[in-house]
Amino acid sequence: MKKVLSVLSVAALSLSLVLAGCGGKTEGQQGAANQGEGQAAAPNARIGMVTDVGGVNDNSFNQSAWEGLQKLQKDLNLPQENVNYLQSTSDADYIPNLTQFVKDKWDLTWGIGFLMGDHVKKVASENPDAKLAIIDAEVDAPNVESVLFKEHEGSFLVGVVAAKMSKTKKVGFVGGMEIPVIKRFEAGFEAGVKAVDPSVQVVKVYTAAFDKPDQGKSTASQMYDQGVDIIFHASGATGDGVFNEAKARKAKGQQVWVIGVDKDQSLTFGDDITLTSMVKRVDEAVYRVSKDVIDGKFKGGIVWLGLKENGVGLADTSNKNVPADVLKLVDEYKQKIVNGEIKVPETPQQ
């Protein structure tokens with residue numbers, strides 16, 4: 001990074017965040033050193049996680065990742081303070097936060113989100129004995145495991161749902177930043193819509209932010225005013241505003257829907273406005289890689305998870321609002337994708 005803030009002051013800020021934000025400790029806990037392939041780490045192994053700017057309560061991928069680590073801690077009966085996170089409020093926090101876990105010799109340090117790719121690469125190259133992992137970015141380093149998802153495949157399926165259920169034949173996509181992972185969401189969604197009904201219009205807007213609910217709300221308002229009746233968002237906490245706008249309109253009797261992302265967002269925002277959600281099983285991926293470290297099986301490298309690997313898909317609660325015939329059609333498309341009969345584009349078609 002071009003700007004390196006006072007490392008001591010930023011690290012001190014990060015320490016205060018982790019102590020205040022999740023009640024854990026970043027010192028005084030001596031996790032066993034990793035002993036190499038095939039040897040299990042001690043039962044008090046420590047796993048740390050650095051959020052991107054969306055924060056740990058983004059109702060999206062940061063929160064899902066943290067839930068995966070919390071489940072790991074409970075399942076393996078690790079001391080509560082041995083699973084912890086540092087929250088980033090800007091990109092200036094990424095390297096200090098990652099470095100804090102690495103220098104304190106935590107057994108694995110997670111970076112959550114595409115925006116952290118270069119920062120994880122830098123920290124990994126400067127600390128070759130440390131083990132790191134990242135969600136949604138490809139980092140080519142032997143001591144990093146990169147977990148990526150075929151968001152375009154899952155998004156294709158919610159595009160099928162949107163096309164079948166839109167009354168206005170106009171649906172919307174709200175993206176956060178225009179980066180490859182979000183472009184995969186957009187590309188898959190539009191491809192699914194057009195596969196079912198080429199006459200359905202897809203309105204697409206990028207907010208350039210993952211942490212601006214007010215911006216999400218105003219964007220959704222403009223879309224609904226244009227006649228869009230279903231919005232699929234891939235915008236982190238910005239998407240909270242999309243749900244808030246839908247809820248306000250639903251209260252006035254307007255029939256609008258939101259398709260959630262990453263998690264089953266009906267559990268947060270309710271079935272009355274959440275048509276379905278395109279679930280990325282970030283929690284399961286974080287759990288699996290972290291447990292590999294504890295079991296001495298960390299390999300590094302790149303892992304892709306799509307429909308075939310059950311890494312993406314529709315939320316289990318989709319049958320509450322999506323009719324059985326539409327879900328049957330979704331399953332037919334899913335099988336064609338898994339079998340290779342349909343290749344979903346990863347970039348939007350011009």
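There is no side-chain donor-acceptor pair under 3.5 Å between Asn62 and Thr51. Counting only N and O atoms by type, the side chains of Asp93 and Ser88 include no donor and acceptor under 3.5 Å apart. Between the side chains of Ser318 and Thr276, a donor-acceptor pair is found at a separation under 3.5 Å.
Side-chain atoms of Lys328 never come within 3.5 Å of backbone atoms of Pro323 as a donor-acceptor pair (strictly under, hydrogens ignored). With Asp331 contributing its side chain and Leu327 its backbone, the two residues share no donor-acceptor pair below 3.5 Å. In terms of modelled atom types and a separation under 3.5 Å, the side chain of Thr238 and the main chain of Ala209 share a donor-acceptor contact. Between the side chain of Asn82 and the backbone N or O of Asn44, at least one donor-acceptor pair lies under 3.5 Å. In this structure, the side chain of Asp283 does not engage the main chain of Ser64 through any donor-acceptor pair within 3.5 Å.
Both tests pass for Lys250 against the ring of Trp257: distance under 6.0 Å to the centre and angle within 45° of the axis.
If you chain together hydrophobic residues whose side chains sit under 4.5 Å apart, Val50 and Leu108 fall into the same group. Criterion: ILVMFWY side-chain heavy atoms under 4.5 Å apart, direct or through other members. Under it, Ile259 and Phe156 are part of a common hydrophobic cluster.
Note on ring orientation: taking the six-membered ring where Trp is involved, the planes of Phe189 and Phe232 are tilted (angle from 30° to 60°).
Among all heavy-atom pairs drawn from Asp140 and Lys121, the shortest one is O-NZ, 2.6 Å. Shown here for Asp52 and Phe61, the closest heavy-atom pair between the two residues is OD2-CZ, 3.4 Å. Taking each heavy atom of Met223 and Val203 in turn, the nearest pair found is CE-O, 3.5 Å. Considering all non-hydrogen atoms of both residues, Lys169 and Ser199 come closest at NZ-OG, 3.6 Å. Closest heavy-atom contact between Pro180 and Phe114: CD-CZ, 3.5 Å.
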